[in-house]
Every structure is written in C-alpha cells, then in structure tokens.
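Remarks on the structure that follows.
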Amino acid sequence: MATLVTLPSLPPTWTPPSEPASSISPFVQRKLIPAGAAYLAHIKRALNNSTFDEYDKQLEEERKRLELLNADGLNGEDDLGVGDEEESPELLLLDAKEWKKQDHYQVLGLSHLRFKATPEQIKIAHRKKVLKHHPDKKAGASHTTNDDAFFKCIQKANEVLTNPERRRQFDSVDPVCLSLEEDDPSASDFKGQEKDTALFFRTFAPIFEREARFSKKIPVPMLGENDDSKESVHAFYDFWYNFDSWRSFEYLDKEVNEGSDNRDDKRYTEKKNKSERARRKKEDITRLRNLVDLTLNLDPRIKRIKQEEKEAREAKKKTKGGMSAAEQKAKAEEDKRKAEEEARMKEEEEKLARAEAKKAKTAAANAAKKARRQQRAADTDEAAAS
C-alpha cells in the first residue's frame with residue numbers, strides 16, 4: 001500500500017528566483033555524423049547480413065586468434081611469414097663492429113624478399129629476432145654463445161632498413177645484387193648460340209627486371225617478347241640508353257674518425273669518399289651501357305626488324321607503284337623531258353625579264369638626261385633675262 005508523504009511548507013522568507021539577465025541562445029541545427037564502435041559494428045553486421053549472435057561469434061573467434069598470436073610475442077599482429085629463415089653458424093658469429101659488411105636482410109631473415117620487403121615485414125622480422133636472441137633471454141643458457149654480438153647486428157640491421165635513406169644506400173650496394181652483376185653475361189657466352197631465341201630472353205629478362213628498380217622514371221619497360229612490334233622494341237632501347245638511375249654508393253664511404261680533431265684528415269677523407277662515389281657511379285653507368293649494347297647486338301627482334309625493312313625496300317624498288325620496268329623507264333624519260341622543258345621555259349622567262357629590266361633602265365636614264373637639259377636651258381634663260 002502506498003504511503004503518503006507530506007512535504008514541508010515553504011519558509012516565509014523564500015522568494016522565487018529572478019529572471020536571468022542574459023537571453024537564451026537561439027536553437028542551432030547541427031548535422032550528426034554516424035561514427036563510433038557501435039556504428040561500425042552495425043555497418044559490419046549490415047554488410048555481412050549477420051545477426052547479433054553471429055557477429056558476437058565472429059568477434060570471439062577473432063579474439064582467440066589474437067590471443068594465439070600474442071602467445072608468440074607478436075602483440076596480435078600477423079607474422080606475414082617472415083623472420084623464420086634458418087640462421088647459419090657463420091651468420092651467428094658476425095662481429096657487430098663490422099656491421100657494414102653484414103647482409104642486413106639475411107640478419108633479419110628476409111633474404112627471400114630483400115628490397116621487396118615492406119616496412120611491416122621488416123618490423124615483424126625484427127621483433128621475432130629480438131625475441132629469439134635477446135641477451136636477457138639467453139643469459140645463463142650458455143657461456144659460448146655469441147647472441148650478445150648477434151643481437152647488436154640485429155639492432156643495426158633494423159636501424160638501417162627502417163631508415164628510408166639508409167636502406168636505399170644499402171640497396172644500392174646489396175651484396176647479392178653485386179654478386180649477380182659479376183655474373184652478367186658476355187658476348188663469348190653466346191658464341192655459337194646467337195640464334196637461340198629462348199636463351200636470349202631467359203638470360204636477359206631477369207637482368208633488366210633487376211636493374212629496373214634503380215630507375216627514377218616509372219614505369220620501366222621490360223625486355224618483352226620475341227613478337228613485339230618495332231615501336232615497342234625501339235621504345236625499350238631508347239629508355240635504357242637514357243636510363244636515369246638513383247643508385248648511389250655512399251654506403252661504401254670510409255668512416256671519418258670522429259675522435260680526431262684534425263680537420264685536414266676529415267676533409268681528405270670526405271674528398272676521397274666523394275671521388276670514390278663518382279668513380280663507382282661512372283663504372284656502373286658504363287656497365288649498364290655495355291649490357292644494353294650486348295642485348296641490342298644479340299636481340300633477335302632487331303635482326304627480324306632489319307630483315308623486314310630490307311624486304312620492304314626491295315619490294316618497293318621492284319614494284320615502285322605497280323609499274324613494269326618499261327613503264328618505269330618511260331616515266332623516267334617523260335619526267336626528264338618535262339624537267340628540261342621547264343628549265344628552258346624558266347630560262348626564257350628570265351631572259352625576257354632581264355631585257356625588260358634593261359629597257360626600263362635605259363628609259364629612266366634618258367628621262368633623267370632630258371630633265372637635266374631642260375634645267376640647264378631654264379637656267380640659261382634666267383641668266384639672259386637678268
């Protein structure tokens with residue numbers, strides 16, 4: 001049963017509050033944008049045509065998947081299949097002080113990707129290596145391990161590959177790339193096999209794909225196929241003969257001794273490094289130019305195009321508009337006769353023009369003489385009158 005409650009009466013001194021001095025702000029219409037976790041969940045359910053129970057089940061499965069990844073120390077991130085390459089004993093014995101000589105991609109387990117590795121893949125690979133080789137994790141396990149030095153190599157590799165400028169410098173002198181360049185083919189490798197079209201494309205196509213990554217201009221035309229058109233082949237060689245490379249060689253610079261106070265030594269080292277970079281750049285340009293020259297000389301498409309042009313010239317010479325040899329001779333004689341006739345008429349016209357010009361000149365001279373005689377006669381009359 002409800003209970004009645006009697007409210008106390010207002011005190012005699014109570015007065016109602018006064019009206020506010022300022023006026024109430026006018027109403028403003030604002031547009032609300034749907035956002036937030038609840039709205040995103042609604043959109044996902046609508047797109048997948050899922051019920052609330054089905055959506056909750058999907059969230060639970062995703063949560064379990066992330067927990068499994070967290071158990072491996074990846075903080076919920078997909079490992080992207082990187083960082084699991086087997087480490088050779090030689091790799092584990094690297095000296096951290098010789099970090100410039102190490103293969104940073106191999107240290108992080110990215111040898112199969114190299115310059116194609118994305119920043120996310122580098123991040124995941126580095127995290128895996130850190131978890132595996134951190135000195136604190138290996139402490140006391142063995143007194144003969146080199147994990148402390150190798151851990152420093154891992155950190156240095158990550159430092160280089162996560163810096164875009166330093167990574168580009170390392171990619172310019174990638175040891176694997178340099179070793180492949182040493183194996184580039186020469187003319188002697190194709191001796192007696194110049195007509196082997198499959199060998200030509202099998203050998204040179206990967207080389208130009210490898211070199212294309214150094215181009216400042218994109219897209220880069222590839223070697224193509226044997227049945228490419230004349231325009232495509234010429235465009236390919238025109239691009240590569242004018243190849244503009246971003247490749248640099250700063251990574252191989254000799255380190256300046258930071259502890260030295262001798263400015264002359266520092267300037268000399270910097271000057272030497274600059275000279276060496278220029279020399280290596282020039283050698284690289286020459287190497288690529290020689291490679292393009294060799295490709296051009298061996299290219300079966302160039303031989304095919306030249307043969308087609310030769311046949312076209314011969315066919316044109318034989319037919320020359322579909323006329324027979326006798327017709328061609330008669331036409332040539334007729335053209336000669338017309339040319340001689342035109343030359344004769346032109347000569348007569350010029351002769352006539354010269355005669356007319358001479359006649360006009362004579363008439364002008366006579367008129368001038370007559371005018372002078374008249375003037376003298378007038379002067380004589382005036383003198384006699386005075």
Sequence-distant partners of His126, ring-ring contact (aromatic ring centres under 6.0 Å, His included), two or more places apart: none
Quick check: closest heavy atoms across Glu225 and Asp228, and the distance to 0.1 Å? N-OD2, 2.9 Å
From His104, Arg166, Arg167, residue fulfilling side chain to side chain donor-acceptor pair (under 3.5 Å) relative to Glu159: Arg166
Distance-only donor-acceptor check, side chains Ser248 and Glu250, under 3.5 Å: yes
Side-chain donor or acceptor of Lys100 paired with backbone N/O of Glu255 under 3.5 Å: no
Answer yes or no on whether Lys44 is positioned over the face of Tyr55, meaning its NZ or CZ is under 6.0 Å from the six-membered ring centre and within 45° of the axis. no
Side-chain donor or acceptor of Asp189 paired with backbone N/O of Ser186 under 3.5 Å: yes
Can you list the residues that meet the ring-ring contact (aromatic ring centres under 6.0 Å, His included) rule with Phe214, with sequence neighbours excluded? Trp246
Hey, what else clusters with Tyr39 if you join Ile, Leu, Val, Met, Phe, Trp, Tyr whenever side-chain heavy atoms sit under 4.5 Å? Ile43, Leu47
Mind checking what makes side chain to side chain donor-acceptor pair (under 3.5 Å) contact with Tyr268, not counting sequence neighbours? none
Look at the side chain of Ser179 and the backbone N and O of Val176, then say whether any donor-acceptor pair between them is shorter than 3.5 Å. yes
Test item: side-chain donor near acceptor, Tyr251 and Asp174, under 3.5 Å: no
Can you name the nearest heavy-atom pair linking Ala96 to Cys153, along with the distance? CA-SG, 3.7 Å
Tell me the closest heavy-atom pair linking Lys216 and Ser245, and the distance in Å. CE-O, 3.6 Å
From Arg337, Lys338, Arg344, residue fulfilling salt bridge (charged side-chain N to carboxylate O under 4.0 Å, His left out) relative to Glu341: Arg344
Taking Thr286 for the side chain and Lys282 for the main chain, is one N or O donor matched with an acceptor at less than 3.5 Å? yes
Check Arg210 against Cys177 and note the closest heavy-atom contact, atom names and distance. CD-SG, 4.4 Å
My understanding is that only residues two or more places apart in sequence, or in another chain, count here; which of them pass ring-ring contact (aromatic ring centres under 6.0 Å, His included) with Phe249? none
Establish, from distance only, whether the side-chain atoms of Glu85 and Ser111 form a donor-acceptor pair under 3.5 Å. yes
Would you say the side-chain atoms of Asn273 pair up with the backbone N or O of Lys254, donor to acceptor, closer than 3.5 Å? yes
Hey, mind stepping through Arg279 and Glu283 against salt bridge (charged side-chain N to carboxylate O under 4.0 Å, His left out) and telling me if it holds? CA-CA 6 Å; Arg279 180 186 63 81; Glu283 289 179 352; 2.8 Å; yes
Examine the side chains of Glu62 and Gln58 and answer whether a donor and an acceptor come within less than 3.5 Å of each other. no
Thinking salt bridges, do Arg301 and Asp299 make one under a 4.0 Å N-O criterion? yes
Can Glu308 and Arg304 be counted as an ion pair, charged N to O under 4.0 angstrom? yes
Residue list, ring-ring contact (aromatic ring centres under 6.0 Å, His included) with Phe115, at least two apart or on another chain: none
When you look at Tyr237 and Thr295, which way does the side-chain contact (heavy atoms from CB on, under 4.5 Å) test go after all the steps? CA-CA 9 Å; Tyr237 285 105; Thr295 308; 3.4 Å; yes
Which heavy atom in Pro219 sits nearest to a heavy atom in Phe239, and how many Å separate them? O-CE1, 4.2 Å
